[in-house]
Amino acid sequence: MVEALNLGLRQAMAADERVVVLGEDVAKTGGVFRVTAGLLDEFGEARVVDTPLAEAGLVGSAIGMSLYGLLPVVEIQFDVFVYPGFEQIVVHAARYAWRTRGEVPASIVVRIPYGGGVRAPELHSDSPEALFCHVPGLKVLCPATPVDARDMMLAAIAHPDPVIFMEPKRIYRAGRQHVDDQPPFDPRTGDGEAWGAVACARTARAGSDLALITYGATVPLCLEAAERLSSTDAVEAAVIDLRALYPLDVEAITQAASSCGRVLVVHEAPRTAGLGAEVSSLVHERCMLDLEAPVGRVTGYDVPFPQFINEDDYLPSVERIVAGARRVLDF
Amino acid sequence: MVEALNLGLRQAMAADERVVVLGEDVAKTGGVFRVTAGLLDEFGEARVVDTPLAEAGLVGSAIGMSLYGLLPVVEIQFDVFVYPGFEQIVVHAARYAWRTRGEVPASIVVRIPYGGGVRAPELHSDSPEALFCHVPGLKVLCPATPVDARDMMLAAIAHPDPVIFMEPKRIYRAGRQHVDDQPPFDPRTGDGEAWGAVACARTARAGSDLALITYGATVPLCLEAAERLSSTDAVEAAVIDLRALYPLDVEAITQAASSCGRVLVVHEAPRTAGLGAEVSSLVHERCMLDLEAPVGRVTGYDVPFPQFINEDDYLPSVERIVAGARRVLDF
Amino acid sequence: MSDSTVFHIIGDGRDKPDREVPRELGEKELVELWRALLLLRTFDERATALQRQGRIGTYALYWGEEATQAGPLLACEDADWVFPSYRQNAIGILRGVPAATVLAWWRGYGGSYGFWNPREHRVAPICVPIATHLPHAVGLAWAARIRGDRTASLAWFGDGATSEGDFHEALNFASVLKTATVFFCVNNQWAISTPLSKQTATATIAEKATAYAIPGVRVDGFDPVACWKVTRDALERARAGEGPTLIEAYCYRLKAHGTADDPSLYRDEAEVERWMHLEPLGRMGAWLHRIGVLDPDKESVMRAEARDAIAAAVADMEALAQPDREILFDPVYASGRPWTHEEALAELRAVARPPEVKPLGPAPSSGAGEEGKTQ
Amino acid sequence: MSDSTVFHIIGDGRDKPDREVPRELGEKELVELWRALLLLRTFDERATALQRQGRIGTYALYWGEEATQAGPLLACEDADWVFPSYRQNAIGILRGVPAATVLAWWRGYGGSYGFWNPREHRVAPICVPIATHLPHAVGLAWAARIRGDRTASLAWFGDGATSEGDFHEALNFASVLKTATVFFCVNNQWAISTPLSKQTATATIAEKATAYAIPGVRVDGFDPVACWKVTRDALERARAGEGPTLIEAYCYRLKAHGTADDPSLYRDEAEVERWMHLEPLGRMGAWLHRIGVLDPDKESVMRAEARDAIAAAVADMEALAQPDREILFDPVYASGRPWTHEEALAELRAVARPPEVKPLGPAPSSGAGEEGKTQ
Ligand SMILES: Cc1ncc(C[n+]2csc(CCOP(=O)(O)OP(=O)(O)O)c2C)c(N)n1
Ligand SMILES: Cc1ncc(C[n+]2csc(CCOP(=O)(O)OP(=O)(O)O)c2C)c(N)n1
Ligand SMILES: [Mg+2]
Ligand SMILES: [Mg+2]
């Protein structure tokens, strides 16, 4: 996925000189995850900048740049480090369009490598996406495959509204996939079209007995769980990869829920007031009569992300997903 | 309610000299809402401090004070202004116990006057409570009556874990109520007992046809809506005042849901990934078979809090609550 | 009050002598500057009155700070961007933003009633959260440099704002990246009830520039000509690629923090009196008479013009109907309404509209009233 | 490299002569100081090796920065609190925190395995988010003052940390409130791949003290005795009620940022060589021999002691079983488990435990590997 994200950035920068990349250690080293590798050499130090170490200054300057007409892509080095820049995102980026009659949105992309499972030290593994989904004015995307990663990157940059781009670091190097060199659309003009193509849920696996609804790093786990359920329980589970976390693809969600009658939502973030709660509410509000069981949730627990020797105990696993699915199936 | 909060602070400070009050303009003027009025004269400038204008510094210093054994109560001047201090709250206050084997929690209270309805200028009316409920390690309280305000203040200060204390500014001066001078318990030792008494839902109105579940400024509105439903629709709605937003009082919630069979959750914050979603999920997960309709939500819309000439169009009103109730009743 | 480190041009009639007028400022420019002061003053007094009458909501008056606003604004080129805080709420009227729009903002109007298109006027929206607009000013000038433009940016903020992390991060970014940004600090010595001495341990704000290896300039914040001059110099320096400047306009908050504030709770009004004679409109007016640029007739004509302009704005504001409630959804996203908004609209339309909101004071259900409102 | 504004005591064998030893430091104290350096060095080299062997996770080495750690720590009174960043991760071992606990933290252990009770050692937990622990140090000293105690606080942070808003807010609070806090900046001239020149426009970190009207002191960060001395002076000043001090320990990051970092991507290793001879253990060792405080036998005994101590710690760490998975819930709240935890436990117990996690590198499902880890 890292290469795909890098390709998306390169294609966007090549197509539109308004695109700039800012962050801590993004230029010279190409970022701690190498997502921005090579951009400095290709596009020069005016457009690929190692900034001072300050997230509010980083996001805030990006907002100022977008005011002037540039399209900044900001890298937050790790999930937890977005919090010092939280105010700039939720107060300013989220409200700029609204405070300017919709004429001057903050057209920025904030890239956040998030989540656990990579044996990182303390405070490098948060999943803050729900916080951003609760703040009106932001769009939130999260790819689960290399192709989506590239296409979403292009779409996010072309999109006029501020996009929080959640990058599941656990699958940064998993799930190899061919990403063809041609951008799927003209990065300069592709907004609506491009956005529509990726800002909607994707059926990662078809199935009619149960819908596993998830996003990001837990998509491959849900696919594995679905295979397990198929072979051991003779249950065919659909796997819905949300891709867009705000706004949610309510049609796809309700359609899957109604056709399967049973739903399990899976995410890594803590449970209370997480996205699982929103998906569960949407499904019950709209599909109550089609449901044969309450929507289940398999999520991170309501605890701080643990030290890594215990992170597998915290993270939703194939086992936990299968167990959660059985609870829904056996209701 | 302002007087009750002030009384709670006074009683806590009088009972325990470890209690200190910090914030912008809290000492000399007693705060922009006068919640801390008179404390400076009574307890002196060592314990009631006007700090420099910096929320991260403010919350962060309070955490340091609690490390040393003090019990700081921090005032955030208005909801929106908590965001610069967000990192200190969600990364440090929330995790201090966890990072010290539970031996040194950040025993701070962060008071946040929140919400709209007071004709305030732009960016003075947010309801960020759900953000804090999604962050493990925090406790979140919200009073809806003067008596609860006083008792919760005492309980929050006595409580060892960090408490986000949401103060519904819209009812700061509404709903007069006698608050007797005696603290309901010894502020120094009352923790468990005191906490148990207020960190649970309260039945603000009995009813068996529908449960209106809410908190803070929308409690009086739900009571009014319940009266309206009683007289016009011959429906008796229970009104559950949550009081504790994290952890939620799941027994009271499910008990009300099961006995009524119909539930409407009401809050002022935006809908997506708000507390309404969590309550709705809890109810469906636990009471599905007792429900005659999906849990409804009447909340703020997914938009930035509007300029005040339109705030009544945004805020849940008695009319919207009644309409929402009818949707649930007519399902 | 007098301090040799504080640059001034217009004498104070006491220990500060008149100084030479900058070459670039001919009669015409001086008259324009005074006209700007007059317009701002007239707006402020009118807005304060409107609030008292309950025709707008809480208002952050800036009476006495006009020099710190008109001076820097007129020192800017038209293409330069300015970033006001709530205290410079009316600065846009010097850049073509209708005064009625600013009044409407205070009356609680949003959308196209209370906001403007910043690109049209190079005036950012009024910033309420302290110091958080400073990084925006940095990013804008940085972007201009990337695009090869000479555009500079200027941001206003107060003494209290210098305590915020965003102040520090913005100045550090600007100094490292050498952006063409002027940081204009209005040191009125108060942050609501908090005096400068509780805000910083330094004697001045200007010396904080040392932490960023940029120039720190102190100027008499009651002297419009001096404010113009130091800003013009800073802008030239910025355009020459020499980076940002921190300007401290040393003055005093002559009125309440806002209409909700009662200064008698925390300061001695006698102290206020000691500063009152420096009030910029009278001070520059007297000076213009002294140097023969203004005469009583011309002055009364100008005063009448300002009065009429603001009166017309008030009329325009009052002519505004309460915005349709669907304004809530327009426009949160430049890309159009997500389904969540369509659904919300359905819910909204299903109920009768609540009674019209009157700007005056608290909502029916509320008691919070006027106090408890800052900006 | 040599800079007259940088205070030193131990000569560098080139242009810096030996200076007089502070009175307070007798032979015993000097030996203790060197012992501390040696222990830290031994820990660091061992930890780095353990990471290479996959026996702990990513590790932030501090090889060469021991002087900036041992010096200030020994200058503190026992009651003073210290606030380390990840770079001073092992500082606790000089305050009685078991080295095995620190190693366990790096091995991914939490709870009572990887954390300690800060009140027991007056050592705050290792802080990962840059500069965010500085306000804690301020609040602690502030609280001590309120309680009438002479306790001071000291916080370590890097050159990059000075760009964060929390750095500014903390120094401003401390200077306004005159808290007894020492801000100890380890200026190793790099923030991962970002050189000092891209972090700040100032030539030094110390001059940033001007913005807070507090003393800014530059000291040779490779000289343990000098680091001890400037810290002791700052602490005395602080206890006397004169407020905080900003100390800049000028040095150079001699190794990678962390075991996940590859400096060859961004800096010239030749430059590193130019600083290598200043490395504190060798430098102080040679000096102690010069002044006759250390001899070969004593040195080898001390080295053996350090080796044994750390070897024992490694054994203790390796003896640790993987913590029970219920450690996830213990203890998030000092007041006990909320129902959400009871319910989560039920879910957790209902499934078989996943295979034991090995610290080495990536998780099976992952590919993120060693890179992409800072601290
Ligand atoms: C981040 C933030 N915190 C708190 C406030 C509340 N507040 C509004 S104005 C003000 C004082 C500002 O003082 P100063 O920066 O000196 O500007 P002045 O009002 O004097 O122009 C405060 C604390 C705010 N608007 N934003
Ligand atoms: C708030 C925050 N942002 C980003 C990071 C990622 N990060 C870890 S170390 C580091 C560089 C710190 O440099 P410096 O302050 O000089 O300390 P040093 O590593 O040199 O000791 C960065 C950017 C972080 N830990 N916290
Ligand atoms: Mg001020
Ligand atoms: Mg460094």
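Each chain gets a letter, A, B and so on, in the order its sequence line appears, and its residues count up from 1.
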What part of C:S193 lies closer than 4.5 angstrom to a heavy atom of chain B: side chain, backbone, both or neither?
both

Would you say C:Q322's side chain and B:I309's backbone share a donor-acceptor pair under 3.5 angstrom?
yes

Is the shortest heavy-atom distance from the side chain of B:E122 to the side chain of C:I126 under 4.5 Å?
no

Exam field: side chain B:D50 to backbone C:T194, donor-acceptor pair closer than 3.5 Å
no

Can you give the donor-acceptor pairs under 3.5 Å from side chains of residues 131-138 of chain C to other protein atoms, not counting sequence neighbours?
unit_1	atom_1	unit_2	atom_2	d
C:T132	OG1	A:H92	NE2	2.7
C:T132	OG1	C:P129	O	2.7
C:H133	NE2	C:W156	O	2.7
C:H136	NE2	A:Q88	OE1	2.8
C:H136	NE2	C:T132	O	3.4

Keeping the roles fixed (side chain from B:N310, backbone from C:P323), state whether a donor-acceptor pair exists under 3.5 Å.
yes

Which bit of C:D324 is near chain B, if near means a heavy-atom gap under 4.5 Å: side chain, backbone, both or neither?
backbone

Quick check on C:I327 against chain B: is it the side chain, the backbone, both or neither that has a heavy atom closer than 4.5 Å?
side chain

To check you understand the geometry: which heavy-atom pair defines the closest contact between B:Y301 and C:E347, and what is its length?
CE2-OE1, 4.0 Å

Heavy-atom distances under 4.5 Å only: say whether C:E356 touches chain B with side chain, backbone, both or neither.
neither

Using non-hydrogen atoms only, which part of B:E224 is less than 4.5 Å away from chain C: side chain, backbone, both, or neither?
neither

Salt bridge (charged side-chain N to carboxylate O under 4.0 Å, His left out) partners for B:R297, two or more places apart
A:E278, A:E285

Among B:E24, B:M1, B:E55, who wins on heavy-atom pairs under 4.5 Å with chain C?
B:E55

